[in-house]
Structure formats: structure tokens, C-alpha cells
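A short worksheet on the structure shown next.
Nothing here was measured: the structure is a model prediction, and the numbers come from that model. The figures here come from the full heavy-atom set of this structure, side chains too, leaving out hydrogens, waters and symmetry mates.
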Amino acid sequence: MYPARRGLIEALFPEGMPGLWCPSLTHFDAQGRIDPARIEKHLARLAPHARGLLVPGSTGEGWQLTDREARELLTIVIQAAQRWKLHVLIGAFKHQTTAVIQAIDEAMQWLQTLAGTQDWLEIARQTRVVGFTVCPPRGDELTQDQILAALEQVLQLRHPTALYQLPQVTENEISPATFLQLVERYPNLYLLKDTSGQDWIARAGIDPGGVFLVRGAEGGYSRWLKPAGGPYDGLLLSSANNFAPQLAEVQRLVADGRREEADALSQRIDRVVSRCFEIVAGVAMGNPFTNANKLLDHVMAYGEDAARRPPPVLHGGVPLPRELIEPVAAALQEQQLFPECGYLAAAPPANGAT
């Protein structure tokens, strides 16, 4: 590992880098307004298990939120992260590099005001924000040289940065060769999330120079982790919104060499997630990651009462179809993952939950 990158990671994460991250959901009320109380309760459930948050991520409707809504959401999340000692990566998701840089500049001014300092490590200590997550600019016509030049503009800002491989939105991918050039030139690059499902970089057999590799694609959770012979250091998954306890257990079992148990639990999660993606396949609004996880979260929150409650709401105040709640609940029941009690009835974790 490059010494400067190692030093940055150790300074940002004195308790150690989280192995499980979550792109947390954004909850809205019936009028389509961000719902702080509901978000807090959801984060309280995640806090003991997923110690890192990506906000706003694609699952949290980060591409749809206005700048004002994103700032409102981050205010809520940062307060929760301070309480429970979580880590927050801010998603700077725009389709063009100039807009990404503007979003980062504005966020930095805000963070510096919150923390009363321009020192990054002090900002991280006070706000729990550990940098920005960025994608390449959008366009399937972009060459690797163009992708490299765009990402260099962002990394030259020298803020702690994570790269996000998201071809479902950007219509392109960072190649292993492009990634290696960035690794060599920018020690402030310390994490890569790959949601492509192709795992082009992780499977290339290259030395990532100490960059922490997290998988964002669903499925096969146990086999992708390094202790199981896989290429990834951790997981950053939309399904962590609902299966953070189980995914954290999969990681523990793999680390302990209990592969059979890890694989069995991993397969149960995978079956539910796959089934829920099938259930939402015909939903025209939103995106499958958001839709599936909002329905799962609805059942996790209300348990047996879920079908009688108003369905969850997407950005813009559009409710998901009520008739999808029962098949999602059935998928959980089939894999014995249905909650004994909806988490809205549960007590929040104590400060510093681990």
C-alpha cells in the first residue's frame, strides 16, 4: 500500500475501515417531503451492523434529489452518524464533471462551516464525513482517456475520494488500466465501489495499491470476499438497507472460516433480493434498487401490519403499488427472514453502537 494512502485511511478510520457499507434509503412522507423521523429510525436499525453510509446514493434516489433536498438529507444523516459514530461518504452524483466539482465545492464550504475548520481530518472527526463518492461523466461514447481526464479533475481537488463504477447510469466503465493510473497519481483515492456485476477491476489481477475494494452488485455475497478467496475487501450494497445484520454475519462467518454456514445464509439473502427485483420489474417509476429495498424496508418496519399500511413513497411523492407488499413479505417468509417485530417498535441503539 502507498504510505500516503495508508495514512489517510488510518486517520479517517481510526477504529478500522468498515467492511459493510450501506447506500441508505431516503424516506418521504405522503406529501413527498423528506421524513426525518423515519430516516432516523431506519438508520438506528443499520447502525450496529453497517458502519459506513453512502448518502445520497442511487438507492437513496441521489440522482433525483435536488441540491436542497440532498443538503437536508445529509443534515439528518450527519446528526445520526455523530450520535452512533458512523462514517458518511457524500455522493456527488452529477452527469457532468463541472457539476460534480461545483457540488463538491459547495459541500466543502458547508462542511467547513459546520466544523469551523478547513482541516479535513478535523472535519471528519466532527461531522463523520470521510469524503466524496464520484462516478465518471455520463456517455457511452467516452474514451478511457476522456474518463481519466475527467476523474483527474475531481481527484486534483485533493479531497478524500471514492470511485463508483456504475455503468447502469454512466453508460461506461473505468478500465483496470485507467484505475491503475489514478491509484498511482492520487493517494486521496482510497475506495472503489463496483456495481457493474462484471467486476472488471477487481478480477483483473492488479495491485490496487491499498485502495479498499467494495462490491456493489447483489448476489453471491460470501464468495466475493477476500477470506473466501474473492477479490473484495468489503460490501457496499443496497440490500444492506434490509439485511445489514445478516450481511455482517456472513462476513463474520467467512472471516472465521465457516464457509458452509456463510454460503447458506448468503443464498437465503440472495433468493429474497432476486425475488424482489422480479416483483418490481414492471414498475415504471424509480429504479429497481430503490423500489425493491423500499418495499423490503416497509415490511421490515411494519411486520405483519405491512400490507395494511400506506405503501412507501418515492421521490416526488409517488407511492409504490400497494399490491407488491404481500409478495415481498412472502419472499421474506419463504427464507425465514420475515421480522418477528417491525423495527419501528424497537428501541434505538445506544451511542457508539457496534
Contact summary for [X] and [Y], nearest pair of heavy atoms:
{"X": "Asn293", "Y": "Ser238", "answer": "OD1-O, 3.0 Å"}
{"X": "Pro208", "Y": "Val183", "answer": "O-CG1, 3.4 Å"}
{"X": "Asp35", "Y": "Asp29", "answer": "CB-N, 4.0 Å"}
{"X": "Pro56", "Y": "Gly62", "answer": "CB-CA, 3.7 Å"}
{"X": "Val250", "Y": "Ser266", "answer": "CG2-N, 4.0 Å"}
{"X": "Ile78", "Y": "Val129", "answer": "CD1-CG2, 3.7 Å"}

Listing, residues 104-111 side-chain donor-acceptor contacts under 3.5 Å, not counting sequence neighbours, or none:
from	atom 1	to	atom 2	distance (Å)
Glu106	OE2	Gln102	NE2	3.0

Mind checking whether [X] and [Y] have side chains closer than 4.5 Å, heavy atoms only?
{"X": "Leu180", "Y": "Ile201", "value": "no"}
{"X": "Trp224", "Y": "Asp199", "value": "yes"}
{"X": "Lys85", "Y": "Arg51", "value": "yes"}
{"X": "Tyr221", "Y": "Arg215", "value": "no"}
{"X": "Leu46", "Y": "Leu86", "value": "no"}
{"X": "Pro187", "Y": "Arg158", "value": "yes"}
{"X": "His95", "Y": "Val169", "value": "yes"}
{"X": "Leu320", "Y": "His298", "value": "no"}

Backbone of [Y] reached by a side-chain donor or acceptor of [X] within 3.5 Å:
{"X": "Glu218", "Y": "Val273", "value": "no"}
{"X": "Arg223", "Y": "Gly219", "value": "no"}
{"X": "Arg5", "Y": "Tyr186", "value": "yes"}
{"X": "Glu173", "Y": "Ser196", "value": "no"}
{"X": "Asp233", "Y": "Val214", "value": "no"}
{"X": "Ser274", "Y": "Asp270", "value": "yes"}
{"X": "Thr59", "Y": "Thr290", "value": "no"}
{"X": "Gln165", "Y": "Gln198", "value": "no"}
{"X": "Gln153", "Y": "Thr97", "value": "no"}
{"X": "Gln82", "Y": "Gln126", "value": "yes"}

- Message: Walk me through whether His315 and Thr26 qualify under side-chain contact (heavy atoms from CB on, under 4.5 Å).
- Response: CA-CA 8 Å; His315 183 262; Thr26 304; over 6 Å; no

Nearest 0.5 Å, please: how far is [atom2] in [Y] from [atom1] in [X]?
{"X": "Thr170", "Y": "Leu142", "atom1": "OG1", "atom2": "CG", "value": "8.5 Å"}
{"X": "Leu235", "Y": "Cys22", "atom1": "CG", "atom2": "SG", "value": "11.5 Å"}
{"X": "Tyr164", "Y": "Leu192", "atom1": "OH", "atom2": "CG", "value": "11.0 Å"}
{"X": "Lys193", "Y": "Leu54", "atom1": "NZ", "atom2": "CG", "value": "5.5 Å"}
{"X": "Leu53", "Y": "Leu43", "atom1": "CG", "atom2": "CG", "value": "6.0 Å"}
{"X": "Ile147", "Y": "Leu163", "atom1": "CD1", "atom2": "CG", "value": "11.0 Å"}

Verify the neighbour count for atom [atom1] of [X]: are there more than 12 heavy atoms of other residues, nucleotides or ligands below 6.0 Å?
{"X": "Gln118", "atom1": "CD", "value": "no"}
{"X": "Glu15", "atom1": "CD", "value": "yes"}
{"X": "Glu326", "atom1": "CD", "value": "no"}
{"X": "Glu141", "atom1": "CD", "value": "yes"}

- Message: Can you list everything that forms a side-chain hydrogen bond (donor to acceptor under 3.5 Å, both in side chains) with Gln31? Sequence neighbours excluded, please.
- Response: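 Gln31 satisfies side-chain hydrogen bond (donor to acceptor under 3.5 Å, both in side chains) with Arg33 only.
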
- Task: Quick one: list whatever passes side-chain hydrogen bond (donor to acceptor under 3.5 Å, both in side chains) with Lys41, sequence neighbours left out.
- Result: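 For Lys41 there are no side-chain hydrogen bond (donor to acceptor under 3.5 Å, both in side chains) partners, ignoring immediate neighbours.
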
- Query: Any ring-ring contact (aromatic ring centres under 6.0 Å, His included) pairs touching residues 189-216, not counting sequence neighbours?
  - Reply: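 Every ring-ring contact (aromatic ring centres under 6.0 Å, His included) pair that includes a residue of residues 189-216, provided the two are not neighbours, is Phe13-Tyr190.
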
- Run the salt bridge (Lys or Arg N to Asp or Glu O under 4.0 Å) check on Arg252 and Asp256 step by step: do they pass? CA-CA 6 Å; Arg252 284 191 289 269; Asp256 291 343; over 6 Å; no

- Item | Pair Glu122-Thr117, side-chain donor/acceptor within less than 3.5 Å |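 No - no donor-acceptor pair under 3.5 Å links their side chains.
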
- Item | Donor on one side chain, acceptor on other, Tyr343 and Asp297, under 3.5 Å |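 A donor-acceptor contact under 3.5 Å links the two side chains.
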
- Query: So if you build clusters from Ile, Leu, Val, Met, Phe, Trp, Tyr with side-chain heavy-atom gaps below 4.5 Å, do Phe277 and Leu25 land together?
  - Reply: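 The answer is no; the residues belong to distinct hydrophobic clusters.
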
- salt bridge (Lys or Arg N to Asp or Glu O under 4.0 Å) pairs, two or more places apart, involving residues 271-295: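 Qualifying pairs, neighbours excluded: Glu61-Lys294, Arg275-Glu278.
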
- Query: Tell me the salt bridge (Lys or Arg N to Asp or Glu O under 4.0 Å) pairs involving residues 142-155, sequence neighbours left out?
  - Reply: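 Matches after skipping sequence neighbours: Glu152-Arg185.
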
- Query: Can Leu337 and Gln246 be said to form a side-chain contact (heavy atoms from CB on, under 4.5 Å), step by step?
  - Reply: CA-CA 9 Å; Leu337 291 169; Gln246 292 84 4; 3.9 Å; yes

- Message: Run the side-chain contact (heavy atoms from CB on, under 4.5 Å) test on Glu40 and Arg83 for me, step by step, so that the C-alpha distance in whole Å, both residues' side-chain angles and the decisive distance to 0.1 Å come before the verdict.
- Response: CA-CA 11 Å; Glu40 284 247 350; Arg83 185 178 311 121; 2.9 Å; yes

- Between Trp63 and Asn287, is a side-chain contact (heavy atoms from CB on, under 4.5 Å) present by the stated rule, with each step listed? CA-CA 10 Å; Trp63 296 94; Asn287 70 70; over 6 Å; no

